[in-house]
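Structure, as structure tokens:
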Amino acid sequence: MLDKTYSPRAIEDKHYRQWEDGGYFKPGGRPDATPFTIVIPPPNVTGSLHMGHALNNTLQDVLCRYKRMGGYDVLWQPGTDHAGIATQMVVERKLAAEGNEGRRDMGREKFIERVWDWKAESGGVILNQLRRLGASCDWSRERFTMDEGLSDAVRHVFVTLHGQGLIYRDQRLVNWDPAFETAISDLEVQQVEADGSMWSIKYPVEGAEGTFLTVATTRPETMLGDSGVAVHPEDERYAHLIGKHCILPLVGRRIPIVADDYADPEQGTGAVKMTPAHDFNDFEVGRRHDLEMINILTVDARINDNAPEKYRGLDRFEARKAVLADLEAEGLLVGEEKIRHSVPYGDRGGVPIEPYLTKQWFVDAKELAKAAIASVEQGRTKFVPGNWSKTYYEWMRNIQPWCVSRQLWWGHRIPAWYGPDGEIFVAMTEDEARTKAEAHYGKPVALSQDEDVLDTWFSSALWPFSTLGWPEKTDVLARHYPTDVLVTGFDIIFFWVARMMMMGDHFMEEEPFHTVYVHALVRDEKGQKMSKSKGNVIDPLDLMDKFGADSLRFTLTALAAAGRDIKLSEDRVEGYRNFMTKLWNAARFCEMNECRLDPTYDPKAAGQTLNRWILGELGRTRDAVTAALESYRFNDAAGAVYQFLWHTFCDWYLEFAKPLFSGEDAAAQAETRATAAFVLERTLRLMHPVAPFITAELWVHLKGEAGAEADPLIRAHWPEDGAEALVDADADKEMDWVVRFISAVRSVRSEMNVPAGAQVQVHCLDMRDEAKGWLTRHEALIGRLARIDGFEFPTEPAKGSAQLILDEATLAIPLAEVIDLGAERKRLEKEIAKTEGEIAKIEKKLANQSFLAKAPDAVVAENRDRLAEEQAQRAKLAEALERVRQAG
RNA sequence: GGGCGCGUAGCUCAGCGGGAGAGCACUGCCUUCACACGGCAGGGGUCACUGGUUCAAUCCCAGUCGCGCCCA
């Protein structure tokens, strides 16, 4: 016997262990089946489960479980990402906290060892948290971006792209994070709004005493690296100065005045200082005019030896103060305007980044993007919702060279070696590089490997095929690449999706997936992004502790409407926990009433109207859930199940079944028991992808231990019979009438304040024979649900009755003693007014000649029918009102 | 400045050319033998605004206002 309330903790671990031990998460058991493959967006190995993961993985699990039940050979490939900067940061902090020597003192090799130690010890916490959520990944295939195979793939890709000229080393401006002393990619830079100043500085013009060019800047310290001033070629104010020079204040350098379109005559004075080594725009201008690139910063953003001695060693912000003070003293600082502007910050280091001139490795993303753009344009990969393809195009069509080298230690070391003269040898191994070098120099030479590692996303980009064994030609790769769906948040379309597409197209000559399902961000109940600093983080683990994994999963699924962010509050989860309890109790009720599965049960042979009706509703629900999942409308799938289970099966069907269960008709009773069990069983299947634990538990109760073992829910087949097979139009019509009968009587009782416990009589007037038959057939259940203890068919209603209209019939409830005739009159008048409103609307429509001429016949006919119905209703109500008036 | 999106019941949101929906919240009644994590009944909306297309617009188009997010 099931407990009275559902206790998730008692069952979740048990079922998960059974699934994992039983090998149900592994593909390969169905060699003839179509494969279905998802690769997990690998969480950071340092990470722990947050709401975004919970949503992302719930949706993937829903798809995988649904497909598994649909007979596919499912592989959900799990793993983690080494997360270069984040992990290095975590371990460095930990070492510091434990009083160890720092990374640099320790040395590269020892530090990396420590990172691996840390990974072994506490890495992958998140994977156990995903198990808790119910994720049906094939854990036996777990991969890590730094493991041997994936590292091999990375080297292979690097060497190949280099050989094809698609990876090159170049001296360019990059985004430099002075906190970590590494280059980062454009995408890792966040623009942050901040208060700042725009300072105006006078630069004296050489050979023209008293003539100055005034320039403006938010970063005055960069003037130490200025190598020119630009004005617009058509700016008449400055035409005579082009080709002359300024003398750079504080430095004394002679810098040219050049003409370039970049200078906007409308902005400020129209003259712009040029710092080509520390500003992206200036860099371009500098290239056009061959301006000197003067780097004035050290790797930790202090002033270096290229600046006058007094500023050397100053931090960039100290230098700013010093420069401003000195300019002020010389009378060259002529203005300061307070402004709001956006300042670039490194997303990990938390300090402003500097454009910095260094040698780095770049991927020719523009070239690789061509095929990746075509893949989407030509429909081989589709975004769901489709709008995201615009975001993808936007990024891909304006793509910049991708800086892939990082001055970190934790990551894939770049497979490039340098000869004594700086000649580069890119190779899979050091031996290979040595061979190449020997061929180049004609003798063995000492080589040194590039110190840098690759951007983490470089290895992530290979994930859809590197995890399947590439560059080896494995069977799994052949069977499961391309994968089917990528499920991800929109925030990493650029970081990840775009790059997987490029690498997949290039190396596999086939897109890594045919569909990219983009889900929303999970926000707090006020729509704020969850963040630790705001303190509004809802921890999915807490929610699972409190309400169970299924409740959380169901909530996220029900809220996962395409294209809108999810505002989550604990109340929502509680609500869906209540739904789980409802299911639990429905099953409990069935159990108590001996609803057992009958192996010979044939839904198409059911005789009872009630049973034929619920089977039809089940069929419709099956179709709705199937269609929703096929089109990634997760919220509709959850909604359809919720509506059916609670408001159809529990609210009506089980209530209808009660009198049968306690009644005399043994055949009807047996059929209803079997039907209830059958419908419950099918409902468990339909719900299993979203709520795997509770459905698995109830499955065992319904099937028995042995039965569940022989036919575990996780691989039970998805119900095939839908509306077409199961709906019986006559049963629908009949039960619809019964439902309306009961609802109408209940409504009048409630409005007329008839005590809930009191039994009433109902007099049926003008009722057609068909309906009389229905009433007779369902008298017991109608009586029970509407609290009626007698039906009569008089020609006149008793005086002092409450009256209601049901189709052609008038139902009168004699309430001689208790009825308030005034209230009843008002109630009927209100009903009439409502009906007349409808009639007016429809009459207006039907009076319109254009409507009659142009609207489809079916629409016109429908309106005519509705008008007739409303008019009949009004007439009946009017008669009823007249009777009340006479009684009064 | 460029791009994407959103304004529908008190709140959160579905719907998106032909009768305004759900969940939660709210009101009244009910401890009825599955469930008070429950049942029954009910109140509540010029579908942001202004034009246009159409026989018909919450839905399509244009504009206005308000609010997000992304990229410069």
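- Checking B:rA22 for Watson-Crick or G-U wobble geometry (two distances, each under 3.5 Å) identifies B:rU12 as its partner.
- Residue A:R588 is in sugar-phosphate contact alone, with no base atom involved, counting any heavy-atom pair closer than 4.0 Å across all strands shown.
- Remark: P of B:rA34 and CG of A:L680 are 16 Å apart, rounded to the nearest angstrom.
- The shortest distance between the side-chain N/O atoms of A:K567 and the OP1/OP2 oxygens of B:rC13 is below 4.0 Å.
- An OP1 or OP2 oxygen of B:rC69 is reached within less than 4.0 angstrom by no side-chain nitrogen or oxygen of A:K390.
- Taking only side-chain nitrogens and oxygens, A:K841 comes nearer than 4.0 Å to OP1 or OP2 of B:rA20.
- Looking at heavy-atom distances under 4.0 Å, A:K4 makes contact with sugar-phosphate atoms alone, never a base.
- In this structure, B:rC67 forms a base pair with B:rG5, meeting either the Watson-Crick or the G-U wobble geometry with both donor-acceptor distances under 3.5 Å.
- Comparing B:rG39, B:rA34, B:rG18 by their nearest atom to the side chain of A:W646 picks out B:rG39.
- Considering OH of A:Y392 and CD1 of A:I493, their distance stands at 10.0 Å, rounded to 0.5 Å.
- When the nucleotides B:rG19, B:rC69, B:rC24 are ranked by their closest atom to the side chain of A:F490, B:rC69 comes out on top.
- Considering only side-chain atoms of A:N578, the nucleotide from B:rA34, B:rG38, B:rG18 that sits closest is B:rG38.
- Listed nucleotides: B:rA34, B:rG19, B:rG18. Nearest to the side chain of A:E838: B:rG19.
- Using a cutoff of 4.0 Å between basic side-chain nitrogens and carboxylate oxygens, A:E354 and A:R219 are scored as salt-bridged.
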- Message: Walk me through whether A:W584 and A:Y6 qualify under ring pair (Phe, Tyr, Trp, His ring centres under 6.0 Å).
- Response: CA-CA 6 Å; A:W584 186 265; A:Y6 157 58; 5.4 Å; yes

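- Comparing B:rG19, B:rC29, B:rG18 against the side chain of A:V859 picks out B:rG18 as the nearest.
- For B:rG15, one of the phosphate oxygens OP1 or OP2 lies less than 4.0 angstrom from a side-chain nitrogen or oxygen of A:R633.
- The side chain of A:E655 lies closest to B:rA34 when the candidates are B:rC70, B:rG18, B:rA34.
- With rounding to whole Å, A:I566 atom CD1 is found 20 Å from B:rC11 atom P.
- The C1' atoms of B:rC4 and B:rU54 are separated by 29 Å, rounded to the nearest whole Å.
- No engagement by A:P755 is indicated, since no non-hydrogen atom pair under 4.0 Å with the nucleic acid exists.
- Here A:R787 lies in heavy-atom contact (under 4.0 Å) with a base.
- The base of B:rA72 is not paired with the side chain of A:E394 by any donor and acceptor separated by under 3.5 Å.
- Across all strands, A:A855 comes closer than 4.0 Å to base atoms (heavy-atom distances).
- Comparing B:rA72 with B:rC26, their P atoms are spaced 47 Å from each other, to the whole Å.
- Taking the six-membered ring where the residue is Trp, A:F649 and A:Y653 present parallel rings, their angle staying beneath 30° rather than reaching 60°.
- Side-chain nitrogen and oxygen atoms of A:S747 include at least one within less than 4.0 Å of the OP1 or OP2 phosphate oxygen of B:rG42.
- Of all non-hydrogen atoms in A:G346 and A:I353, the two that sit nearest each other are N-CG2, 3.3 Å.
- For A:D651, the listed nucleotide lying nearest its side chain is B:rC40; candidates were B:rC35, B:rC40, B:rG19.
- A close approach under 4.0 Å does not occur between any side-chain nitrogen or oxygen of A:N863 and OP1 or OP2 of B:rG19.
- Between A:K582 and B:rG39 there is a side-chain polar atom (N or O) within less than 4.0 angstrom of OP1 or OP2.
- Taking 4.0 angstrom as the limit, A:N753 places none of its side-chain polar atoms (N or O) nearer than this to OP1 or OP2 of B:rC29.
- Taking the P atom of each, B:rG7 and B:rC16 are spaced 13 Å apart, rounded to whole Å.
- Using a 4.0 Å heavy-atom cutoff across all strands shown, A:D491 reaches no nucleic acid atom at all.
- Partner assigned to B:rG51 is B:rC61, using Watson-Crick or G-U wobble distances below 3.5 angstrom.
- Using a 30° and 60° split on the angle between ring planes, A:F589 and A:F661 fall in the tilted class, from 30° to 60°.
- One finds no side-chain N or O of A:H647 lying less than 4.0 angstrom from the OP1 or OP2 phosphate oxygen of B:rA22.
- Checked against B:rC35, B:rC55, B:rA41, the side chain of A:T581 finds its nearest nucleotide in B:rC35.
- The CZ-P distance, from A:R577 to B:rC24, rounds to 13 Å in whole Å.
- At a cut-off of 3.5 angstrom, counting only N and O atoms as typed in the model, there is no donor on one side facing an acceptor on the other between the side-chain of A:R746 and the base of B:rC40.
- Candidate nucleotides B:rG5, B:rC55, B:rA34 were compared by shortest atom distance to the side chain of A:N387, and B:rG5 ranks first.
- B:rG44 is unpaired under the criterion used here, namely a Watson-Crick or G-U wobble arrangement in which both key atom distances are under 3.5 Å.
- In this structure B:rU32 sits in no base pair that meets the Watson-Crick or G-U test at under 3.5 Å.
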